[in-house]
Amino acid sequence: ANLIALLAAQLARTSARTIVSEHIVLSYSAKATPGHKEGLLPWLARIFYRRANAIVAVSRGVADDLVNVVGISSNKLHVIYNPVVTPELSEKMQIIPLHPWFAPGTPPIVLAVGRLTAQKDYPTLLRAFALARQERELHLLILGEGEKRAELEDMVKSLGLKNDVQMPGFAANPYAYMAHASVFVLSSAWEGLPTVLVEALACGTPVVSTDCKSGPAEILDYGRYGVLVPVGDDEKLSREILNAINLQPDKKALRARGETFSVERAAEAYLTLFRSLLSENA
């Protein structure tokens with residue numbers, strides 16, 4: 001979409017300022033793209049992104065990757081976090097999910113939310129959960145759909161977790177699940193700025209995340225508001241899941257951190273950028 005927008009602006013010979021937004025770590029995404037397309041996207045980005053008046057990266061990690069991979073001048077780059085936290089989120093998280101695992105007296109719930117794709121690395125989460133399940137009774141819910149469903153369902157069976165793991169698909173109100181889960185886990189191999197981590201914090205839920213490129217470390221302030229573990233380390237992930245369940249979270253501090261990513265803050269940052277671009281040629 002960014003490439004098309006920049007090409008359209010050039011063909012139209014418009015004097016309007018053009019801003020594009022990058023949400024992924026381009027180098028990681030390109031490596032995960034099969035076949036000859038691996039080098040195509042960075043190559044096209046190197047050609048077209050220079051024609052933008054400004055480029056917004058949703059995290060510092062995404063911005064640094066653009067400088068290294070695309071060769072973008074840092075003075076064109078602006079880091080603006082995604083607008084995530086809204087008044088609607090606060091309302092929806094008050095609802096108790098109808099799922100029977102949320103009934104009083106049931107085992108702690110480990111929650112993950114995201115597409116069932118290679119990027120999210122759910123096999124590592126399933127192996128970690130299997131290890132944690134040996135220590136105590138737990139349930140794991142994974143909300144989302146994707147092409148890896150069948151593969152993950154087979155893995156659940158092979159690990160003997162059929163009674164303790166469910167993947168109910170897409171949830172219209174994931175915030176209710178987040179607010180009432182014992183711990184939220186992100187096991188991704190790479191990200192841009194994982195919105196679900198912000199949403200979990202805004203719900204006051206303890207977070208354990210892989211320290212993938214990029215976003216989790218920035219969101220969690222490098223471990224201050226949640227635990228970071230190496231990508232693909234199921235043993236470490238298992239230990240930290242158990243630790244998070246056993247600790248009493250500071251929900252007020254977690255929610256305050258989530259507010260850093262509010263719609264109001266993002267809107268003000270974009271308005272500041274728009275004003276600066278308009279004043280350049282005023």
Side-chain angles (χ1 to χ4, degrees), residues 58-61 79-97 99 101-102 104 106-114 120 125 128-129 132 136 138-144 171 173-188 191-212 214-231 236-269:
V58 297
S59 72
R60 186 74 259 163
V79 176
I80 300 178
Y81 292 131
N82 284 336
V84 177
V85 180
T86 66
E88 183 184 38
L89 186 153
S90 299
E91 294 172 5
K92 287 188 172 182
M93 74 180 190
Q94 306 297 330
I95 300 170
I96 299 175
H99 195 287
W101 284 357
F102 288 93
T106 53
I109 293 174
V110 180
L111 179 68
V113 178
K120 303 303 180 181
L125 175 56
F129 179 78
R136 63 175 299 172
L138 295 169
H139 286 147
L140 171 63
L141 276 174
I142 302 176
L143 304 181
N173 180 12
Y175 317 124
Y177 289 81
M178 290 176 179
H180 295 89
S182 301
V183 58
F184 183 88
V185 180
L186 183 83
S187 55
S188 295
E191 288 284 352
L193 187 82
T195 298
V196 289
L197 282 190
V198 177
E199 293 168 340
L201 289 175
C203 291
T205 304
V207 168
V208 178
S209 173
T210 50
D211 190 13
C212 66
S214 70
E218 289 179 64
I219 292 171
L220 300 178
D221 195 13
Y222 303 91
R224 184 179 178 186
Y225 295 99
V227 180
L228 294 162
V229 303
V231 172
K236 178 70 171 176
L237 186 60
S238 174
R239 288 196 300 272
E240 295 302 342
I241 287 172
L242 290 170
N243 288 340
I245 290 172
N246 292 329
L247 293 175
Q248 188 69 28
D250 185 348
K251 290 183 176 290
K252 185 177 180 180
L254 296 178
R255 287 170 180 158
R257 179 59 179 174
E259 286 293 331
T260 304
F261 304 86
S262 68
V263 169
E264 290 79 11
R265 290 196 181 195
E268 186 54 45

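These values consider heavy atoms only, across backbone and side chains, with no hydrogens, waters or symmetry-generated copies.
- Here the shortest heavy-atom pairing between Tyr225 and Leu254 reads O-CD2, 3.5 Å.
- What you find for Thr210 and Ser187 is that their closest heavy atoms are OG1-C, 3.6 Å.
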Determine, step by step, whether Phe184 and Leu201 satisfy the side chain to side chain contact (heavy atoms under 4.5 Å, CB included) criterion, reporting the C-alpha distance in whole Å, the side-chain angles of both residues, the deciding distance to 0.1 Å, and the verdict. CA-CA 9 Å; Phe184 183 88; Leu201 289 175; over 6 Å; no

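- Residue Val196 comes nearest to Val113 through the heavy atom pair CG1-O, 3.7 Å, listed as atom of the first residue, atom of the second, then distance.
- Here the CG atom belonging to Asn173 is positioned 8.5 Å from the CG atom belonging to Leu89, to the nearest 0.5 angstrom.
- Of the inter-residue distances, the one linking Lys120 atom NZ with Ile142 atom CD1 reads 12.0 Å to the nearest 0.5 angstrom.
- Annotation: side chain of Val207 is not in contact with side chain of Leu186 (no heavy-atom distance under 4.5 Å).
- For Ala202 against Met93, the heavy-atom pair with the smallest separation is O-SD, 3.8 Å.
- Contact record, Gly258 with Val85: O-CG2, 3.0 Å, taken as the closest heavy-atom pair.
- Side-chain contact between Pro108 and Arg136 is present, with heavy atoms from C-beta onward closer than 4.5 Å.
- Of all the heavy atoms in Ala244 and Val183, the pair that sits closest is CB-CG2, 3.7 Å.
- Rounded to the nearest 0.5 Å, atoms CG (Asn246) and CD1 (Ile241) are 12.0 Å apart.
- His180 and Phe102 have perpendicular rings, their planes meeting at more than 60° on a 0 to 90° scale where under 30° would count as parallel.
- Without hydrogens or angle criteria, Ser238 side chain to Ala132 main chain gives a donor-acceptor distance under 3.5 Å.
- Under the 3.5 Å distance criterion, the side-chain polar atoms of Ser214 are matched with a main-chain donor or acceptor of Gly192.
- The shortest distance between side-chain heavy atoms of Pro107 and Leu138 does not fall below 4.5 Å.
- The CD1 atom of Ile245 sits 10.0 Å away from atom CD1 of Ile109, with the distance rounded to the nearest 0.5 Å.
- Taken from CG in Leu228 to NZ in Lys236, the straight-line distance is 10.0 Å, to the nearest 0.5 Å.
- The structure places CE of Met178 at 12.0 Å from CG of Leu141, a figure rounded to the nearest 0.5 Å.
- Between Ile219 and Tyr81 the shortest side-chain heavy-atom distance does not fall below 4.5 Å.
- When atom types are taken as modelled, the side chain of Glu218 and the backbone of Arg60 share a donor-acceptor pair closer than 3.5 angstrom.
- Put simply, the residue from Glu91, Glu199, Gln94 that forms a side-chain contact (heavy atoms from CB on, under 4.5 Å) with Tyr175 is Glu199.
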